[in-house]
Amino acid sequence: MNTQDSWTGAVLAHARLPFEPWLSCDDCFDHSDAILEDLLDRSVPLPADFRAHLIGCPACRDEMETLAELAAADGSVDPAEGRKQLDAQIERT
């Protein structure tokens, strides 16, 4: 099987996502609590490097969405609203 045959449109689209400014998965995880606190409590936008990483890394995005739901629930806010705030920041243009 040709490697190119296994590349779907989704894989190709993912390969073209912006990864700059660059942030590692470890850095993303290390700063996730503070970033979420700023976003959910004070409506501070996501830093550019953090946003770019979440756009390009499905594992970290999934982790952050789960953390946003948990943090919102801890703050007596609907978990779906916490995730909605995060997703709006990631998807902003």
Side-chain angles (χ1 to χ4, degrees):
M1 177 177 180
N2 185 338
T3 303
Q4 191 174 21
D5 293 339
S6 65
W7 286 33
T8 65
V11 171
L12 291 173
H14 186 267
R16 291 188 290 255
L17 291 173
F19 286 100
E20 295 294 330
W22 188 82
L23 181 75
S24 72
C25 292
D26 287 339
D27 289 338
C28 183
F29 180 77
D30 289 345
H31 300 288
S32 60
D33 290 338
I35 297 293
L36 276 175
E37 183 177 329
D38 285 346
L39 174 67
L40 298 176
D41 293 346
R42 293 180 282 287
S43 299
V44 175
L46 292 176
D49 57 347
F50 205 83
R51 182 174 172 261
H53 184 82
L54 294 178
I55 288 171
C57 181
C60 286
R61 182 172 181 161
D62 184 55
E63 179 77 17
M64 282 298 293
E65 288 172 340
T66 300
L67 289 173
E69 290 173 351
L70 292 170
D74 282 348
S76 300
V77 176
D78 179 20
E81 183 59 32
R83 183 178 182 144
K84 182 179 171 183
Q85 287 180 18
L86 176 65
D87 288 341
Q89 280 294 310
I90 295 170
E91 300 300 327
R92 76 179 195 268
T93 54

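Everything numeric here is computed off the predicted structure, so don't read it as measured data.
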**Request:** Find out whether E81 and K84 are in side-chain contact, i.e. whether some heavy atom of one side chain is under 4.5 Å from a heavy atom of the other.
**Result:**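 The answer is yes, as the side chains (C-beta and beyond) meet within the 4.5 Å cut-off.
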
Working to the nearest 0.5 Å, report the span between [atom1] of [X] and [atom2] of [Y].
X	Y	atom1	atom2	result
I90	E65	CD1	CD	5.5 Å
C57	M64	SG	CE	11.5 Å
I55	C60	CD1	SG	13.0 Å
E69	L40	CD	CG	11.0 Å
L23	R51	CG	CZ	13.5 Å
L36	L67	CG	CG	6.0 Å

**Fill in**
Between H53 and the options C25, S24, P47, the side chain to side chain contact (heavy atoms under 4.5 Å, CB included) test singles out C25

**Item:** Check: Q89 main-chain N/O paired with R92 side-chain donor or acceptor under 3.5 Å
**Value:**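 At least one qualifying donor-acceptor pair exists.
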
**Fill in**
For D33, the side-chain contact (heavy atoms from CB on, under 4.5 Å) test, sequence neighbours excluded, returns none

**Asked** If two hydrophobic side chains count as joined below 4.5 Å and joins carry through other members, does V77 share a cluster with L86?
**Response** no

